[in-house]
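Within every chain, numbering begins at 1; the chains are lettered A, B, ... in the order of the sequence lines, protein sequences first and strands thereafter.
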2 protein chains.
Amino acid sequence: MAHPGAESIRSDDAMKQQPAFEPVRPVRLYERIVDQVETAIASGELVPGQRLPSERELVVQFGTSRATVREALRVLESNGLVRSRPGDPNGPEILPFTSGGLRKQLHRLARTEELTLAQLLVSRMMLDATANRLAAVLRTDAELAGMEAAIDRMRDSVDLGFEAFSEADVAFHEAVAVASGNTMIQVSNAVVRDTVLSLVAGKLAHARNSKTLMRRSLEHHEQVLDAIRAGDGPAAARASTQSLYDYYAGYVSAAERRTLQALLDG
Amino acid sequence: MAHPGAESIRSDDAMKQQPAFEPVRPVRLYERIVDQVETAIASGELVPGQRLPSERELVVQFGTSRATVREALRVLESNGLVRSRPGDPNGPEILPFTSGGLRKQLHRLARTEELTLAQLLVSRMMLDATANRLAAVLRTDAELAGMEAAIDRMRDSVDLGFEAFSEADVAFHEAVAVASGNTMIQVSNAVVRDTVLSLVAGKLAHARNSKTLMRRSLEHHEQVLDAIRAGDGPAAARASTQSLYDYYAGYVSAAERRTLQALLDG
DNA sequence: TCCAGCCACCGGTCTGACCAGTGGACTTTT
DNA sequence: AAAAGTCCACTGGTCAGACCGGTGGCTGGA
C-alpha cells in the first residue's frame, strides 16, 4: 500500500507510562535562520517589497559564516519567499505570496505518484465541475465576456488545427477557474490539466477524426457557457463533466471508464 | 484582483513580427544542479532509497565548488527530495514522496489570507464528495469494514471528548479517500483537511454545544456510510457535502456561506 | 563466529578571496 | 536648475582550502 502523507505518529506497541519522547533531529544553523525569517514574514514583521540586509550584514547579525547565510537564503528563495539579485545594494527582496510553491508541489505529486491517466481525469472532472458550479453563481460580467471570447477563439480554431484549438480550450477552462474565485481549484486544475495534456500529447492531435472531435467539444463548451450565463451551476457542472468524459474516455481501459462514469450522473 | 499563479505570458501591445522573446533570468549554477537531480528523480533514474554521491564526489561530477553543490542540496532537501546526514558514508538519500511540502505551502497560503477558510471548505467539500462517490462504487468489503469501525469509534467518542471524536472522524474520511482509489484526491484531501482543522482549532472544541455537534455529525456520517454500503454514490456525496456544510458553515461570512450552498443541491 | 575498536570518509561550518554587475552619489553638460 | 553621463562602493555568485565531530564498514582479536 502506498499512502504517502499518512504518517503515523504513535507506535502502537507497549509504551510504558510517561515517555512520549519525540525523535530529535539535528537542527542545522541555516535552518534556524530560515525559521527566523519565515516567522518574521508570517508575523508581518517583514512585508513584501521590503528588503533583507545584505548577506554580509546578515553574517554579522546571525553570527555565522556567509556560506551558512547563503544556504538559508537559497532555501527561502526556492520557497518563493525572497529573491536575491546580484549587485543590488538594497539586499534580497521579500516577495509577495504566490501560489507558485503550491503549483510546484502539486506538480510533483502528479508526476511522482503513480497517477494513471484515469486518476488524473477523475481529478480533472471533479475540479472542472466544481469550478463551473461556482462560476455560474459568482462570475462577473467581465469574466463571462472572457469565456465568450475564448469560445469564439475555439470556434475560429476548428479549421486552424488542433494546436490553436487546444490553446483556446485551455483559456476557457482557465477563465472558468478564475471566475470560481478559488485559488486552490484554479491552481490544481491548471496542474492536472497540464499533466493530462502531456500524457495524451499527440494522440489527440493525430486522431483521424480530430475535426469532428473539436466540433463536438465546441458544442459541449457552448452548453457549459450557456449554463453559466443562465446561472445554472448544476447544469454547467453536468455539461463540463460530460464533455471531459467524451473527450478522453477513449484513452482509458473499460474498467477505468466505469469509474469515470460514476461521476457523470447528476 | 488577486489571482496569483496566473502569469500572463504574452504582452498585449504592439509586437511587430518575429520576436516573441522571453525574459531571461540569470541561471545560477546551483539551480542547474537542482534541475539535473530533479529531472533524474522525476524520470525514475533516481529512485527513493538510492543514494547520491558524496558532496565531494558531486563537486567533481558537476565541476563546481562544494559551496555550490551544498546550496543545491539544501534546496533539494527543503523540497523533501533528499536528505543528508552527517557522517553517512553512503551519501545523501533520495526520499520517497511525502505530502509535507504540499502541506507547508497550503498552510502558508492559508496564513496569508490568500486562501480563506471558505475556499478551503469548498475544496474539502469537493474532494470529499468525489471520494464518497467513488468509494460507493469501488470500495472493497475490507474497506467498508474499516469505515464501519471508524464510525463505531466516533460513536464511542462522543462522551470521551472532542479530541478523540475528531481523530475517529479523520480516520473515517481517510478510509473513504483510500477506498476512492485516487491518490491525488487522497493526498489533497488529507492536506486540506489538516489545514482546515488548524484554522478552526479550538473553536470547535470549545463550542458550548460541542456534544450536540458531535452527535449531529455522527448522524451525518452514518447516512454517508449507509449510502456507500448501498453503492449509492450520489447519495453519499450529497450527505457528505451536507455534513461538512453543517459542521463548518458557522465559521464563515454570510456571503461565503452562499458560495458553499452552491455546492449543496444534487 | 562474533564482537570491539579503529579510521577513512562524510556532512556542517568557517575563513578569506575574486569577479562581474548594480545603482546611488557625484560630476559634467545642457 | 535640470538632465545626462561617470564612477565606485558594495552586492551576490563562486571558488579554494581548512577544521571538526560523527558514522559505519573493516579488521583484528576473543
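- From B/L46, atom CG reaches atom CD of B/Q36 across 11.0 Å, with rounding to the nearest 0.5 Å.
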Could I get a table of every N or O pair under 3.5 Å where one atom is in the protein and the other is in nucleotides 3-5 of chain C?
none

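- Summarising the geometry, the separation between CZ on A/F62 and C1' on C/dC14 is reported as 17 Å, rounded to the nearest angstrom.
- The existence of a salt bridge linking A/R193 and A/E174 is confirmed by a sub-4.0 Å separation between a basic side-chain nitrogen and an acidic carboxylate oxygen.
- Not one N or O on the side chain of B/Q105 forms a donor-acceptor pair closer than 3.5 Å with the backbone of A/Q105.
- Here A/R83 lies out of heavy-atom contact (under 4.0 Å) with every strand.
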Where do N or O atoms of nucleotides 14-18 of chain D meet protein N or O atoms at under 3.5 Å, pair by pair?
unit_1: D/dT14; atom_1: OP1; unit_2: B/L29; atom_2: N; d: 2.7
unit_1: D/dT14; atom_1: O4; unit_2: A/R66; atom_2: NH2; d: 3.2
unit_1: D/dC15; atom_1: OP2; unit_2: B/S65; atom_2: N; d: 2.9
unit_1: D/dC15; atom_1: OP2; unit_2: B/S65; atom_2: OG; d: 3.2
unit_1: D/dC15; atom_1: OP2; unit_2: B/T68; atom_2: OG1; d: 2.7
unit_1: D/dA18; atom_1: N6; unit_2: B/R66; atom_2: NH2; d: 3.4

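- Remark: B/S54 in residues 45-54 of chain B come within less than 4.0 Å of DNA chain C through at least one heavy atom.
- The side-chain hydrogen bond (donor to acceptor under 3.5 Å, both in side chains) check on A/Q61 picks up A/E57, with sequence neighbours excluded.
- In this structure A/F172 satisfies the ring pair (Phe, Tyr, Trp, His ring centres under 6.0 Å) test together with A/H221, sequence neighbours excluded.
- Using a 4.0 Å cut-off on heavy atoms, the residues of residues 86-93 of chain A that approach DNA chain C are A/P86, A/G87, A/P89, A/N90, listed by number.
- Taking atom CD on A/E31 and atom C1' on C/dG12, their separation rounds to 11 Å, with Å as the unit.
- Listed by chain and residue number, nothing satisfies the salt bridge (charged side-chain N to carboxylate O under 4.0 Å, His left out) test with B/R56 (two or more places apart in sequence, or in another chain).
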After noting the C-alpha distance and the side-chain angles of B/R111 and A/E38, does the key distance pass the salt bridge (charged side-chain N to carboxylate O under 4.0 Å, His left out) rule?
CA-CA 12 Å; B/R111 259 199 330 238; A/E38 274 186 344; over 6 Å; no
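- Taking OG1 of A/T183 as the reference point, atom CD of B/E114 lies at 6.0 Å (rounded to 0.5 Å).
- With sequence neighbours excluded, no residue forms a side-chain hydrogen bond (donor to acceptor under 3.5 Å, both in side chains) with A/N79.
- In terms of the salt bridge (charged side-chain N to carboxylate O under 4.0 Å, His left out) criterion, A/E256 has no residue partners (sequence neighbours excluded).
- Taking A/E148 as the reference, A/R229 meet the side-chain hydrogen bond (donor to acceptor under 3.5 Å, both in side chains) condition, with sequence neighbours excluded.
- By the 4.0 Å N-to-carboxylate-O rule, A/E71 lies too far from A/R74 to be salt-bridged with it.
- Overall, the helix from C/dT1-D/dA30 to C/dT30-D/dA1 carries an axis bend of 10° between its ends, with five pairs at each end and the value rounded to 10°.
- Side-chain atoms of A/D128 and A/H173 form a donor-acceptor pair, as typed in the model, at a separation below 3.5 Å.
- For the pair B/E77 and B/R70, the salt-bridge criterion is not met [side-chain N within less than 4.0 Å of a carboxylate O].
- Take A/R108 and apply the side-chain hydrogen bond (donor to acceptor under 3.5 Å, both in side chains) test, not counting sequence neighbours, and it matches no residue.
- The phosphate of C/dG12 has OP1 or OP2 within less than 4.0 Å of a side-chain N or O from B/R74.
- Protein atom CZ of A/R85 is 19 Å distant from nucleotide atom P of D/dC10, rounded to whole Å.
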